[in-house]
Protein chains: 2
Amino acid sequence: MLAVDEVGSNRSVVTQLRAYLAQATLPEDGRLPPERDLSAALGVTRTELRKALGTLEAEGQIWRHVGKGTFMGNRPVDTLSDIAALSKRTNPAELMRARLIIEPEIARAAALTATPMHLAELRMCQARTREAATWRQYETWDTRLHRTVAEATQNTPLLGLFDMLNALRRAVTWGRLRSNPVKPEPDHHSFTEHETIITAIENRDMNGAAAAMRTHLQSVERNLLARQLSETD
Amino acid sequence: MLAVDEVGSNRSVVTQLRAYLAQATLPEDGRLPPERDLSAALGVTRTELRKALGTLEAEGQIWRHVGKGTFMGNRPVDTLSDIAALSKRTNPAELMRARLIIEPEIARAAALTATPMHLAELRMCQARTREAATWRQYETWDTRLHRTVAEATQNTPLLGLFDMLNALRRAVTWGRLRSNPVKPEPDHHSFTEHETIITAIENRDMNGAAAAMRTHLQSVERNLLARQLSETD
DNA sequence: AGATCCAACCAATTCGAAATTGGTTGAGAG
DNA sequence: CTCTCAACCAATTTCGAATTGGTTGGATCT
C-alpha cells in the first residue's frame, strides 16, 4: 500500500462516510447500521471506520452509545425529567413553589377550554370530596379533581407536566402518612376553595381561575407547614 | 348448601382477607401474593377469593392489574409523564400551546431569582448564538440559553418540567429536521427577542420577562407555521 | 520498528421466548 | 340455579441470549 493511499485513506473514509450518510435512508430514529455491518458495506476495516466515526462524532454530526448504536444528530440532553432522580434533588418547599407557578396557569387555560363533560366531572369530584368518609377517600377525589382541571385544558403535554408534578409530590412526601383517622371536617378550607375554582372555570373567568388556584395552593401550603410543626406530638 | 352459609361465607372470606392483610408482611410496593397462592393459603377457592378481592377493590382498599398483580392502597394515577408515549399522542401545535403557557412563567420566576452567574451565562449564550456559523451551532446555544433561564429559577422541579418540554419538542419535531446549510441571518428575529428577555431578567422585571418570553415564542410559532421546516428558535 | 488488521473479549443495552398474573369462559357437580 | 374447577386469554414481567460500541493483544505487512 502506497504512502499516498495511507494518508489519503483517513480522509477518504470520512468522505465516503459523509456520502453514505447523505444518501442512505435511515430509520426514523436516525440510527445507522452497526459498525460491523457498515464497515463491510463500505469495504473498509472496522478500525478504519471507527476512526472516521470518531471524526464525525467530534464534529457533532453523530453520537454513539454502547449497546444502543450510532445515531445522527445531536446527542440527546441528559434529561432531568426522571421522577426518581428528581425527587432526590428537591424538597417539599421547592415543589410547592413550582406548583404555585404552574398550576394556576393550568387552571387559567382550563377556564378557556373546559367542556360541559369536564365541568360535570369537576362537580362530581367536588361532591365526592364532601361525602368522603376517610382522608384516603378525600385524597383520591381531591387528586382526581385537580387532574380533571388539567384534563380540561385538552392539552396533552400540559397534562403530562401536571402528572409529573403529581408523581414528584408522591415521591417527595413519601415518608409522610396521614395519621389522622377522622374524616375531613365540613368546613375544611378546600371545599370553598374548590368551589371558587370550579365556578371560575364554569364562568370562563381565566384570571379568576388562576387566582383561585393560587389561593388554594397557598392555603394547602399553610396547612402543610402547620401540620409539620404540630408533628411533635 | 344452606342459604345462611352462602351469605355468611362471602363475608367470612372478606373478613379473613382483611385479617390477612392486617397481619401479613407485604413487600415494599404493597404487592400481595398471586391469587392462586393466596387462595390456597387461605384455604378457599380462587373464585371465592376473587369475590372478596372484588369487594376490597370496590372499597378502594386494593387495586389490581393483569400481569402486574394485586396491591394495597390507591391505584397509582395513569401517569402520562413518559416522553416516548407522550410524543405519540400530541403534535407540534399542542406542544407550542403548552410552551406558551409554561415558559413565560418560568421566565417570570427567573427574573426574581437569577444570580449574576446566571446573567453572565445568558449573555454568553446570546453572544454565541450571534457568532454561530451554522444552524446546528445556533440551535445548541439557543437551547442552552433557554435552559439557563430555567436554571435561573433555582427550582429543581421547574427545571425538570422544562427539560420534559424540551425532550418532547425533540421527539415531536424529529421527522422534519432539516439540514439548512446557511447560518442564521444577522437580523434574525430571535436576537432582539432574546435581548429583551435577558434585559428584563437583569432588571428584575418579572412581568416584562414573562411578556418577552411570550412574544418570543409567538414569533417562533409564526416562523414554524410559515416555513414548515426549521425547528430552530 | 511501526503501523494496521484481526479476532477475541468486555460491558451496556436490547430482544424474545417463556413464565407469571389477573380476568374470562364453559362443562360438570351439588 | 349456584358453585367449582380447569383451561384458556391477554397484559406484564423475567431472564438468558443476542446485539452493539469500546478495548486489548498478538499477528501481519510494509
Side-chain angles (χ1 to χ4, degrees), chain A residues 1-14 16-17 21 26-58 60-73 75-76 78-79 82, chain B residues 1-14 17 21 26-58 60-73 75-76 78-79 82-85:
Chain A
M1 192 179 281
L2 300 178
V4 177
D5 282 351
E6 277 181 10
V7 176
S9 74
N10 258 349
R11 267 188 233 132
S12 142
V13 176
V14 174
Q16 200 176 351
L17 195 48
L21 291 180
L26 296 179
E28 186 64 15
D29 57 355
R31 175 179 184 173
L32 47 100
E35 294 181 351
R36 290 160 177 85
D37 297 0
L38 191 53
S39 64
L42 297 185
V44 300
T45 288
R46 184 151 97 104
T47 314
E48 267 182 326
L49 174 64
R50 281 184 54 75
K51 245 188 287 185
L53 286 174
T55 304
L56 291 199
E57 185 178 32
Q61 300 282 353
I62 62 171
W63 63 275
R64 306 184 272 184
H65 192 295
V66 198
K68 280 188 151 80
T70 307
F71 301 81
M72 288 210 57
R75 177 188 305 273
D78 189 14
T79 178
D82 181 86
Chain B
M1 191 178 281
L2 299 179
V4 177
D5 280 353
E6 278 181 9
V7 176
S9 74
N10 260 347
R11 272 192 224 127
S12 143
V13 177
V14 173
L17 194 48
L21 291 180
L26 295 179
E28 187 64 16
D29 56 356
R31 176 179 184 173
L32 48 101
E35 295 182 351
R36 290 161 177 85
D37 298 359
L38 191 52
S39 63
L42 298 185
V44 299
T45 289
R46 184 150 98 103
T47 314
E48 266 183 326
L49 174 65
R50 280 184 54 74
K51 245 188 289 185
L53 286 173
T55 303
L56 290 198
E57 186 178 33
Q61 300 283 352
I62 63 170
W63 63 274
R64 306 184 271 183
H65 193 298
V66 198
K68 281 188 150 78
T70 307
F71 301 81
M72 288 209 58
R75 177 191 305 274
D78 184 17
T79 177
D82 180 89
I83 304 290

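Proteins come first, then strands; the chains are lettered A, B, ... in the order of their sequence lines, and each starts at number 1. Keep in mind the model is a prediction, meaning the values are calculated, not measured. What's counted below: heavy atoms across the whole structure, side chains too, no hydrogens, waters or symmetry copies.
- Each end of the helix from dA1(C)-dT30(D) to dG30(C)-dC1(D) yields a helix axis from five base pairs, and these two axes differ in direction by 20° (to the nearest 10 degrees).
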Please enumerate all protein N or O atoms sitting under 3.5 Å from an N or O of nucleotides 5-8 of chain D, with distances to 0.1 Å.
from   : atom 1 : to     : atom 2 : distance (Å)
dC5(D) : OP2    : T45(B) : OG1    : 3.2

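- Partners of T47(B) by side chain to side chain contact (heavy atoms under 4.5 Å, CB included), not counting sequence neighbours, listed by chain and number: T45(B).
- The nucleotide whose nearest atom lies closest to any side-chain atom of R64(B) is, among dC3(D), dG21(D), dG22(C), dG22(C).
- Between I62(A) atom CD1 and dT20(D) atom C1' the separation is 14 Å, expressed in whole Å.
- Considering only heavy atoms from C-beta on, V13(B) stays 4.5 Å or farther from T55(B) through its side chain.
- With sequence neighbours excluded, the residues that form a side chain to side chain contact (heavy atoms under 4.5 Å, CB included) with L21(A) are L32(A), L56(A), I62(A), M72(A).
- For dG21(D), the OP1/OP2 oxygens have no side-chain nitrogen or oxygen of R50(A) closer than 4.0 Å.
- D37(A) approaches P33(A) most closely through the heavy-atom pair CB-CB, 4.4 Å.
- The two residues R46(A) and R36(A) make their nearest non-hydrogen contact at NH2-NH2, 3.5 Å.
- Not counting sequence neighbours, the partners of R50(A) by the salt bridge (Lys or Arg N to Asp or Glu O under 4.0 Å) test are E35(A).
- One can place CG of D29(A) at 13 Å from P of dT20(D), the figure rounded to the nearest angstrom.
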Expected rows: protein N/O vs nucleotides 11-19 of chain D N/O, under 3.5 Å:
from    : atom 1 : to     : atom 2 : distance (Å)
dT12(D) : OP1    : H65(B) : NE2    : 3.2

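- For the pair S39(B) and L49(B), the tightest heavy-atom approach, listed with the atom from each and the gap, is N-CD2, 3.5 Å.
- Here dT20(D) presents its C1' atom at 13 Å from CH2 of W63(A), a figure rounded to the nearest Å.
- L53(B) and R64(B) make their closest contact through CB-NH1, 3.4 Å (heavy atoms, listed as atom of the first residue, atom of the second, distance).
- Rounded to an integer number of Å, the gap from L38(A) CG to dG22(D) C1' is 16 Å.
- Between the CD atom of E48(A) and the P atom of dC5(C) there is a distance of 5 Å, given to the nearest Å.
- As rounded to whole Å, 15 Å separates atom P of dG23(C) from atom NZ of K51(B).
- F71(B) places its CZ atom 8 Å from the P atom of dG22(C), with the value rounded to the nearest Å.
- Here the straight-line distance linking atom CD of Q61(B) with atom CG of L17(B) works out to 10.0 Å at 0.5 Å rounding.
- To the nearest angstrom, P of dC3(D) lies 15 Å from CG of L49(B).
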